[in-house]
Amino acid sequence: MDINDQRTIMLFLSALTILSASGVIVAKRPLNSALWLIATLCLIAGHYAFMGSVLMALLQILIYAGAIMVLVVFILMLLGQYNAERETNVSIVGAIAAVLSGGLLGILVFMTIVWSATAPVVSNIASEIKSKNEVSVFGNKLFGDYMYVCNLIGVLLFIALIGCVLLALEPKRRLALGRGLKAMHSDMEGR
Amino acid sequence: MNIDLMSSYLILSAALFVLGMFGVLVRRNVIVVLMSVELMLNAANMNLIAFANYYKSLDGEVFVLFVMAIAAAEAAVGLAIVVGLFRNFFSVKTTDASLLKG
């Protein structure tokens, strides 16, 4: 694949990505937003595969477009959010948001231009990715260098699970659970 | 990956991040706000993957995996909060939940 083909593919994918990402923001119905977001996530997975991170593209589709978006669509259906949202007082908020976002975009593009002018040449760095099977190198890094971070993420997911259960309980039952825990605690202290 | 492609990826992820930020600021539906946050997280992920491929190191990809795990936790807890909000206010609009507005 020569460099012009690469640029054409990248620009085509990018145009589609920006289009579907603005669909998320513009769509009136929340369910349409969710569908646009699924399209955006799949296109981003396409970008990952195009850059050479096939494993990440796979995980993106499995975790984001599969698990997280299914959860979002499920909650949308559960709460019955089918109707178009009536936007109120968006004019002043929209103007402020547009100015903020436009300013941030300008700063980021400027920083990218500055970075690309001064970026170090990396053509002679030995590749870590293409040298061996990508997944095995990835696994070694994940459970080697980043083992503690991986464990901390596990703890975070566990705490999030407990938080979800507590949030989903009815207030009455949450109080009862609190009283039960307190009674258990005083039992343990009495012993 | 050459530097041209790299800077176009940086600009693309900046655009995605800004779109997500605009959605967070403008939209009224809490679930759509959460989806815009996902968009911002994905823009950051794209930056990490682009740099990982540019510097030919896998550290960026490991970080993307962590961001995905955080995003999953955030979506679960956020949607549980949305359900709690709906239980109390019978609406998921940010304008309706304004008890602390004063």
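Naming convention: chains lettered A, B, ... in sequence-line order (proteins, then strands); numbering from 1 in each chain.
Contact annotation for B:Ala43: neither backbone nor side-chain heavy atoms come within less than 4.5 Å of a heavy atom of chain A. For chain A, the nearby part of B:Ile31 is the side chain; its heavy atoms alone come within less than 4.5 Å. Only the backbone of A:Val26 has a heavy atom closer than 4.5 Å to any heavy atom of chain B. In this structure, chain B has a heavy atom under 4.5 Å from the side chain of A:Ile68, while its backbone stays farther away. Using a 4.5 Å cut-off between heavy atoms, B:Asp4 contacts chain A through its side chain alone, with no backbone atom that close. Residue B:Ile81 touches chain A through both its backbone and its side chain, counting heavy-atom pairs closer than 4.5 Å. At a 4.5 Å heavy-atom cutoff, the contact between A:Leu59 and chain B is made by backbone and side-chain atoms alike. No part of B:Phe90 comes within reach of chain A, as not one of its non-hydrogen atoms sits under 4.5 angstrom from that chain. Using a 4.5 Å cut-off between heavy atoms, A:Tyr146 touches chain B through backbone and side chain atoms alike. With a 4.5 angstrom heavy-atom cutoff, A:Leu79 touches chain B via backbone and side-chain atoms both. Within the 4.5 angstrom heavy-atom criterion, no atom of A:Ala67 approaches chain B. For a residue to count as touching a neighbouring chain, one of its non-hydrogen atoms must lie under 4.5 Å from one of that chain's; by this rule A:Ser14 touches chain B with backbone and side chain alike. The contact between A:Leu169 and chain B is made entirely by backbone atoms, counting heavy-atom distances below 4.5 Å. Both the backbone and the side chain of B:Phe66 have a heavy atom closer than 4.5 Å to some heavy atom of chain A. In this structure, the portion of A:Leu37 lying under 4.5 Å from any heavy atom of chain B is its side chain and not its backbone.
When each of B:Val83, B:Leu39, B:Val64 is checked for heavy-atom pairs under 4.5 Å with chain A, B:Leu39 comes out on top. Across B:Asn2, B:Leu5, B:Leu79, the residue that shares the most heavy-atom pairs under 4.5 angstrom with chain A is B:Leu79. The greatest number of non-hydrogen atom pairs below 4.5 Å with chain B, out of A:Leu166, A:Leu76, A:Leu152, A:Val24, is found for A:Leu76. Most heavy-atom pairs under 4.5 Å with chain A: of the set B:Leu34, B:Leu16, B:Ile3, B:Asn42, this distinction falls to B:Asn42. By number of non-hydrogen pairs under 4.5 angstrom with chain B, the leading residue of A:Asp145, A:Leu71, A:Leu78 is A:Leu71. Per-residue heavy-atom pair counts under 4.5 Å with chain A were compared for B:Leu25, B:Leu41, B:Val24, B:Val82, and the maximum is reached by B:Leu25.
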When the side chains of residues 92-113 of chain A are checked against the rest of the protein, which donor-acceptor pairs come out under 3.5 Å, sequence neighbours left out?
from     : atom 1 : to       : atom 2 : distance (Å)
A:Ser101 : OG     : A:Ala97  : O      : 2.6
A:Thr112 : OG1    : A:Leu108 : O      : 2.8

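Once rounded to the nearest 0.5 Å, the distance linking CG of B:Leu58 with CG of B:Asn53 reads 8.5 Å. Within the model, atoms OH of A:Tyr48 and CD of A:Gln60 stand 4.5 Å from one another, a figure rounded to the nearest 0.5 Å.
Between A:Trp115 and B:Phe51, the angle of the ring planes goes over 60°, which puts this pair in the perpendicular group of the 30/60° scheme.
Not counting sequence neighbours, the partners of A:Leu156 by the side-chain contact (heavy atoms from CB on, under 4.5 Å) test are B:Ile70, B:Ala73.
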